[in-house]
J.: 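Okay, handing you the structure first.
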Amino acid sequence: MRIVVVGGGVIGLLSAVEIVSTGHQVVLVDQAGIPSTGSTSYDRQRVIRALHLDDPAATATAVQAHHQWLRLQRLLGTRVYEPAGALHVLPAGDLSRAQRMLSDAGSGAHLFGPLSLAATYPQVRFPAGSSAVLEDLAGVLLADRILLACAGWLRESSSAELLPHRTAVRVDADDAAVELADGEVLRADGVLLAAGAWSQRLLPPRLAGELVLCRQSMILCAVPAQDAAVWSATPPISTFGTSNGGWLVPPVAGTPLKLSAATACRVVTQVGDTGTPAYWRDHLVEQFAPVVRGLDAGWVTGARDAYYLMRRSTGGPMSAVLGDRVVSYAACGGSSFKFAPLIARSLVQHLIGAGVVRVPSHRPVM
Ligand SMILES: Cc1cc2nc3c(=O)[nH]c(=O)nc-3n(C[C@H](O)[C@H](O)[C@H](O)COP(=O)(O)OP(=O)(O)OC[C@H]3O[C@@H](n4cnc5c(N)ncnc54)[C@H](O)[C@@H]3O)c2cc1C
């Protein structure tokens, strides 16, 4: 079969690799480069963590995703995953439940009371009395390396054709055809739309209207040289127990310390550039100065904004079957990257007629 994939972010690239791996042909189109440095996926790090305290199925699926990433790393032949664990500050009453859920899903988990938490991570000032769980099968996905490795792998394959700098302007769901801005029409046995935050332009209005576009700022920091070893041994922290929804990705494998918070997300009407306005940079420094010991504006070496969609009714992603041979996946913030190998497999299975679209259920939290 010949499948056209629109979008060279993590969903499109992993789907293209899956298509070729299952013995089919793929044509991958992106409006920018492949990979596109302006895509949401093109960043230094993304986090995979399993614990979804209110959702045992998502927790189990995320542990499966961890194993899939390790498999993909072997296929790509390059290091793209640092299994650094993931730390979550939780109310003391939730700790044993979290540990049980992780253990049922196949992951180890270590519990910290207030004293051991403060002693193990002195570089972070957790709110007084905080307790936490550290999960084992979690860590940092080296996002840009993943995208580059997938694009390189596809370029080596005679079953893949990459078409960078070509914009899809219309999809014919009945005919499985994609019209490009230059007038060329790509016909296929199946079409996957993986256009990320730009998905609304290609979806029918009734589906596009269900999606809300968000923009989020992140700051990138260099930690003081004397603390580098401590910081590179720090796990991603999904929540500090603070009300701003703050999270942290540690500086592993040459990446910077990355900080962001739910308070740095806002609803916008269109995808713009990835520059971070000074207001949001300052806002994040203000949010993290009380939490990260010693942090001030001097630590900040860069900042980046990224865009994501969320389904109005659920806050999560939207997968849609548009016709017998056309599917779309509009990724959400927080968790579509970590589930990408499973999402890609499910979408491709549907297109090659080997399954129905059943992507992991998940919520837009890191
Ligand atoms: C701040 C932030 C932090 C996040 N953290 C995490 C995390 O820690 N863990 C996690 O699992 N997830 C996280 N996510 C979510 C995750 O990064 C995204 O859901 C995921 O990267 C989206 O991938 P994608 O391939 O769907 O979209 P993208 O990466 O945006 O790729 C879409 C591609 O489609 C192309 N395109 C669009 N329209 C067209 C067109 N008409 N024609 C041709 N090409 C087109 C674009 O150029 C782009 O290259 C985070 C998101 C944000 C914003």
Side-chain angles (χ1 to χ4, degrees), residues 1-44 46 48 65 68-81 141-168 171 176-178 180-182 184-199 202 325-331 336-354 359:
M1 288 178 78
R2 180 177 187 262
I3 313 259
V4 170
V5 175
V6 176
V10 70
I11 301 294
L13 280 162
L14 261 57
S15 299
V17 168
E18 179 75 17
I19 290 164
V20 171
S21 302
T22 47
H24 300 280
Q25 309 265 327
V26 69
V27 180
L28 177 64
V29 186
D30 201 292
Q31 62 191 0
I34 297 179
S36 154
T37 53
S39 69
T40 301
S41 308
Y42 199 92
D43 201 341
R44 303 296 302 279
R46 285 289 181 261
I48 172 164
Q68 274 312 119
W69 278 111
L70 292 175
R71 249 171 245 137
L72 192 72
Q73 180 167 257
R74 284 195 291 276
L75 176 78
L76 297 173
T78 181
R79 190 160 181 106
V80 294
Y81 182 20
L141 295 162
L142 304 171
D144 50 359
R145 289 199 204 171
I146 291 168
L147 269 53
L148 288 163
C150 288
W153 188 92
L154 289 164
R155 275 193 194 97
E156 299 273 299
S157 166
S158 56
S159 300
E161 188 183 354
L162 305 191
L163 302 181
H165 304 290
R166 308 285 295 276
T167 303
V171 178
V178 174
L180 303 180
D182 55 19
E184 189 181 349
V185 176
L186 304 172
R187 295 187 193 283
D189 301 304
V191 173
L192 166 59
L193 301 182
W198 295 264
S199 296
L202 294 170
R325 294 174 290 144
V326 181
V327 292
S328 162
Y329 182 84
S336 288
F337 202 108
K338 74 179 183 192
F339 284 124
L342 303 176
I343 294 166
R345 175 158 299 172
S346 170
L347 294 166
V348 172
Q349 296 270 308
H350 178 88
L351 287 171
I352 63 176
V359 296

J.: Please determine if R325 and D189 form a salt bridge, counting it only when a charged side-chain N lies under 4.0 Å from a carboxylate O.
T.: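 Answer for the salt bridge query: no.
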J.: For W69, give me all partners under ring pair (Phe, Tyr, Trp, His ring centres under 6.0 Å), at least two apart in sequence or on another chain.
T.: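 Result, ring pair (Phe, Tyr, Trp, His ring centres under 6.0 Å) vs W69: F337.
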J.: Does Q73 have any side-chain hydrogen bond (donor to acceptor under 3.5 Å, both in side chains) partners at least two apart in sequence or in another chain, and if so, which?
T.: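 Counting only residues at least two positions away or on another chain, Q73 forms no side-chain hydrogen bond (donor to acceptor under 3.5 Å, both in side chains).
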J.: Any side chain to side chain donor-acceptor pair (under 3.5 Å) involving residues 14-33? Give me the pairs, sequence neighbours left out, ordered by first then second residue.
T.: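 Sorted pair list: E18-R345, Q31-R201.
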J.: Show which side-chain atoms of residues 157-165 pair as donor or acceptor with protein atoms under 3.5 Å away, not counting sequence neighbours.
T.:
{"unit_1": "S157", "atom_1": "OG", "unit_2": "S159", "atom_2": "N", "d": "3.0"}

J.: S36 side chain to G33 main-chain N or O, any donor-acceptor pair under 3.5 Å?
T.: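 Answer holds: no.
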J.: Distance from L192 atom CG to L347 atom CG, nearest 0.5 Å?
T.: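 CG of L347 is found 5.5 Å from CG of L192.
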J.: Quick check: do L72 and V80 have side-chain heavy atoms less than 4.5 Å from each other?
T.: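 Sidechains of V80 and L72: no contact.
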J.: Is any side-chain heavy atom of I34 closer than 4.5 Å to one of R155?
T.: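 When only atoms from C-beta onward are counted, I34 and R155 do touch, with a gap below 4.5 Å.
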J.: For R71, which residues count as a side-chain hydrogen bond (donor to acceptor under 3.5 Å, both in side chains) partner, sequence neighbours excluded?
T.: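 R71: side-chain hydrogen bond (donor to acceptor under 3.5 Å, both in side chains) contacts with Q68.
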J.: Does V10 offer a backbone N or O that forms a donor-acceptor pair with the side chain of S41 under 3.5 Å?
T.: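 Here the side-chain-to-backbone pair exists.
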J.: In the structure I gave you, are the side-chain heavy atoms of L202 and S328 within less than 4.5 Å of one another anywhere?
T.: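 No. Closest side-chain heavy atoms not under 4.5 Å.
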J.: Among pairs that include at least one residue of residues 2-13, which meet side chain to side chain donor-acceptor pair (under 3.5 Å), considering only residues two or more places apart or in two chains?
T.: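 Pairs touching residues 2-13 that pass the test: none.
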J.: Cut-off 3.5 Å, side chains only: do S346 and Y329 have a donor facing an acceptor?
T.: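 Side-chain D/A pair, S346 to Y329: absent.
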